[in-house]
Amino acid sequence: MNVLELSEQEIVRRNCLDEMRKMGIDPYPAAEYVTNAFSTDIKAEFQDGASPRQVSIAGRMMSRRVMGKASFIELQDSKGRIQVYITRDDICEGENSEMYNTVFKKLLDIGDFIGIEGFVFRTQMGEVSVHAQKLTVLAKSLKPLPIVKYKDGVAYDKFDDPELRYRQRYVDLVVNDGVKETFLKRATIVRTMRSILDNAGYTEVDTPILQSIAGGASARPFITHFNALNQDMYMRIATELYLKRLIVGGFEGVYEMGKNFRNEGMDKTHNPEFTCMELYVQYKDYNWMMSFTERMLEEICTAVNGKPEVEIDGNVISFKAPYRRLPILDAIKEKTGFDLNGKSEEEIRHICKTLNMEIDDTMGKGKLIDEIFGEFCEGTYIQPTFITDYPVEMSPLTKMHRSKPGLTERFELMVNGKELANAYSELNDPLDQEERFKEQMRLAAKGDDEAMIIDQDFLRALQYGMPPTSGIGIGIDRLVMLMTGKFAIGEVMLFPQMKPEKKTPKDAVEKFTALGIPEEWVPLFYKAGYNVVASMKDVNPQKLHMDVCGINKKFKLELKNPTVDEVAEWIKKIEA
């Protein structure tokens, strides 16, 4: 890397790295560094009056206060932070004071990884700390961390730009309190859910991510190309159809926690790549699944938060079972005053216009009902609510309702104004399923790019016979948002999808050399902030000369400086 591409702090750190190596210290040692304690455990287990506990700890140096022959640092390990007391006489051998005076005081920087061996004690200020007896360099940090300072519980110099935080999650985790805690809670949620499903006797499986047909949901897929087969493939939008094949094959219950991909918009509650849990259990229906779901969510919330409630935006949301159950058409009537029972597509289209909704001709009856519910109902359900009995046009994979013509045995779970889960009494009539698929193809012909494609192999599987089955899909990312009180999906995904990183536009080297500027001088112009030749057009030649020649001197590049007249000639060529 060209030295001119580095900041001053990065240059200093690389110089320190070189100095360490000259001293015979490997700044990136390969050997195992054995630790026997964590910061939080040391503080929790400390007992005044007990024999000093010998510990070996490791982590990042996050602060340093040098006071002559003694210093205090704050060491951050994977669980928290602890103060370390370091003296020259304790960590240096004999008369050689280089480990303290040179390495510790001059060559180590904030963010460096070090190992400390010593004993635990309480300082005069009452803080449980480690008295260092040996210091080991474990890894040199070449980029400075943004240091967040805390005083009286208030954070200063925050690293809080969401785009930077999500793009550089590794920095976010180091410097921002509470970020790691969110992802530890996510791990607890997944672990608890998996334990519940395993204990119920269901089998975790893996199904293909690359699929020849994007099925199991209504969504726009990502398309890729399989070179070996010379065939376009789809990234899966759901795991449903493969999991149902396994029910046909004789599993009692199967589930998968995996990534789905939908080529749609990004916002605070949607990411094109997301994690979903889907479960299918034979001989069950959607009523059983509602009861199972509310018990599972109550247990998960308690495991994460110690109680079945969580506070989000001032609302206390209770996951304690049971939840309200409300048919979707009743919900729409409740919120809009319009009863859609028995209404035709044209009648519902007219109602949408009465409600001043933006609709188009590609929308069928199901899509219109979905739009009404989404605009007037969905956001109003803060407490967990099962919205049930969807029209058949909205549910191509769902069994017809046993007592309500035109409706299906389907529910969606709404929490805090958003869908969390979607579940059915699964359609297992292969002839009915084929007709539903054909209707989806008719919608696709009208321009609905989210309509399903007929999956002939799935139909073949159904023809071998699938027992009565209930299935559910739960969005893990949204579940984590709810359980941790976060409002943006990027807060609960370690590495959410991002727009391409913005880069400062730069003219090619050839544009500079065309003016007569030597090629070796172009990086100096970049460093001085003249990334495009047009930016030099109205600059005083003497100023431009001082800017670039100053960089030559500062970085000791020993290039031959141009004259002011030469610089003026370069500028004239821009004007020409």
Side-chain angles (χ1 to χ4, degrees), residues 40 79-80 148 150-156 158-162 165-166 169 172-173 175-196 267-271 274-277 290-326 331 335 374 376-387 411-422 472-494 496:
T40 50
K79 290 192 176 181
V148 182
Y150 293 89
K151 184 176 181 181
D152 300 326
V154 179
Y156 298 89
K158 292 182 180 179
F159 182 69
D160 57 2
D161 181 336
R165 289 182 51 236
Y166 301 164
R169 182 68 83 189
D172 186 34
L173 288 164
V175 303
N176 284 327
D177 288 350
V179 175
K180 184 182 289 185
E181 182 65 25
T182 296
F183 293 101
L184 292 175
K185 286 185 175 182
R186 180 180 179 121
T188 299
I189 290 167
V190 172
R191 184 170 57 250
T192 304
M193 179 180 285
R194 180 173 277 117
S195 175
I196 292 168
D267 57 33
K268 288 191 174 182
T269 57
H270 295 86
N271 194 71
F274 62 97
T275 304
C276 188
M277 186 286 294
M290 279 187 264
S291 298
F292 181 85
T293 300
E294 59 194 6
R295 292 195 306 271
M296 177 169 64
L297 293 180
E298 179 179 349
E299 186 172 337
I300 289 171
C301 188
T302 302
V304 173
N305 297 303
K307 55 185 179 181
E309 295 86 30
V310 62
E311 184 172 335
I312 303 175
D313 196 22
N315 296 313
V316 177
I317 295 177
S318 174
F319 284 95
K320 190 170 182 59
Y323 307 157
R324 184 187 184 193
R325 304 181 182 190
L326 178 66
K335 299 297 181 181
F376 295 97
C377 308
E378 182 174 344
T380 67
Y381 300 108
I382 304 303
Q383 297 301 324
T385 304
F386 290 117
I387 303 298
F411 73 79
E412 289 186 336
L413 175 59
M414 302 293 165
V415 188
N416 200 37
K418 294 293 179 182
E419 174 199 342
L420 175 61
N422 187 20
I472 187 170
I474 297 178
I476 298 298
D477 307 300
R478 285 196 184 175
L479 178 59
V480 178
M481 289 173 66
L482 288 168
M483 295 297 177
T484 59
K486 301 298 180 184
F487 302 103
I489 197 168
E491 295 292 330
V492 301
M493 303 182 80
L494 280 167

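Below, all heavy atoms of this structure are taken into account, side chains as well, without hydrogens, waters or symmetry copies.
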Colleague: Looking only at heavy atoms, what is the nearest atom pair of G490 and Y166, with distance?
Modeller: O-CE2, 3.5 Å

Colleague: Please name all residues satisfying salt bridge (charged side-chain N to carboxylate O under 4.0 Å, His left out) with E491, sequence neighbours left out, ordered by chain then number.
Modeller: R165

Colleague: On a heavy-atom basis, which atom in A331 and which in I387 lie closest, and how many Å separate them?
Modeller: CB-CD1, 4.5 Å

Colleague: Walk me through it: do F487 and I312 pass the test side chain to side chain contact (heavy atoms under 4.5 Å, CB included)?
Modeller: CA-CA 8 Å; F487 302 103; I312 303 175; 3.6 Å; yes

Colleague: Which pair of non-hydrogen atoms, one from R169 and one from P496, has the smallest distance, and what is that distance?
Modeller: NH2-CD, 4.1 Å

Colleague: Any chance you could measure D477, atom CG, to R186, atom CZ, to the nearest 0.5 Å?
Modeller: 4.5 Å

Colleague: What's the separation between atom CZ in F183 and atom CG in L494, rounded to the nearest 0.5 Å?
Modeller: 4.0 Å

Colleague: Looking at side-chain heavy atoms only, is the closest gap between L326 and M414 below 4.5 Å?
Modeller: no

Colleague: Can you name the residues that form a salt bridge (charged side-chain N to carboxylate O under 4.0 Å, His left out) with R324, not counting sequence neighbours?
Modeller: E334

Colleague: Ignoring hydrogens and geometry, is there a side-chain-to-backbone donor-acceptor pair from T385 to Q383 under 3.5 Å?
Modeller: yes

Colleague: Is the backbone N or O of N416 less than 3.5 Å from a side-chain atom of N315, with the two atoms forming a donor-acceptor pair by type?
Modeller: no

Colleague: Shortest non-hydrogen contact from L479 to I189?
Modeller: CD2-CG2, 3.7 Å

Colleague: With a 3.5 Å distance limit and no angle check, can you tell me whether N422 reaches the backbone of G473 through a side-chain donor-acceptor pair?
Modeller: no

Colleague: Any chance you could measure K418, atom NZ, to L482, atom CG, to the nearest 0.5 Å?
Modeller: 11.0 Å

Colleague: If I compare all heavy atoms of A303 with all of T192, which pair ends up nearest, and what's the gap?
Modeller: CB-OG1, 3.6 Å

Colleague: Out of curiosity, I476 CD1 to L420 CG, how far, rounded to the nearest 0.5 Å?
Modeller: 8.5 Å

Colleague: In this structure, which one of Y381, F386, F411 forms a ring-ring contact (aromatic ring centres under 6.0 Å, His included) with Y323?
Modeller: F386

Colleague: Is it the case that the side chain of D267 and the backbone of H270 share a donor-acceptor pair, with hydrogens and angles ignored and the cut-off at 3.5 Å?
Modeller: yes

Colleague: Is there side-chain contact between L297 and L413, with heavy atoms separated by less than 4.5 Å?
Modeller: yes

Colleague: If you take all heavy atoms of P384 and V415, which pair is closest and at what distance?
Modeller: CA-CG2, 3.9 Å

Colleague: Which salt bridge (charged side-chain N to carboxylate O under 4.0 Å, His left out) pairs, counting each pair once, include a residue from residues 294-309, with sequence neighbours left out?
Modeller: E294-R325, E298-K320

Colleague: Decide yes or no for I196 and I300: does some side-chain heavy atom of the first lie under 4.5 Å from some side-chain heavy atom of the second?
Modeller: yes

Colleague: I'd like to know if the side chain of R478 and the backbone of A421 have a donor-acceptor N/O pair within less than 3.5 Å.
Modeller: no

Colleague: Backbone N or O of M483 within a donor-acceptor pair of the N305 side chain at under 3.5 Å?
Modeller: yes

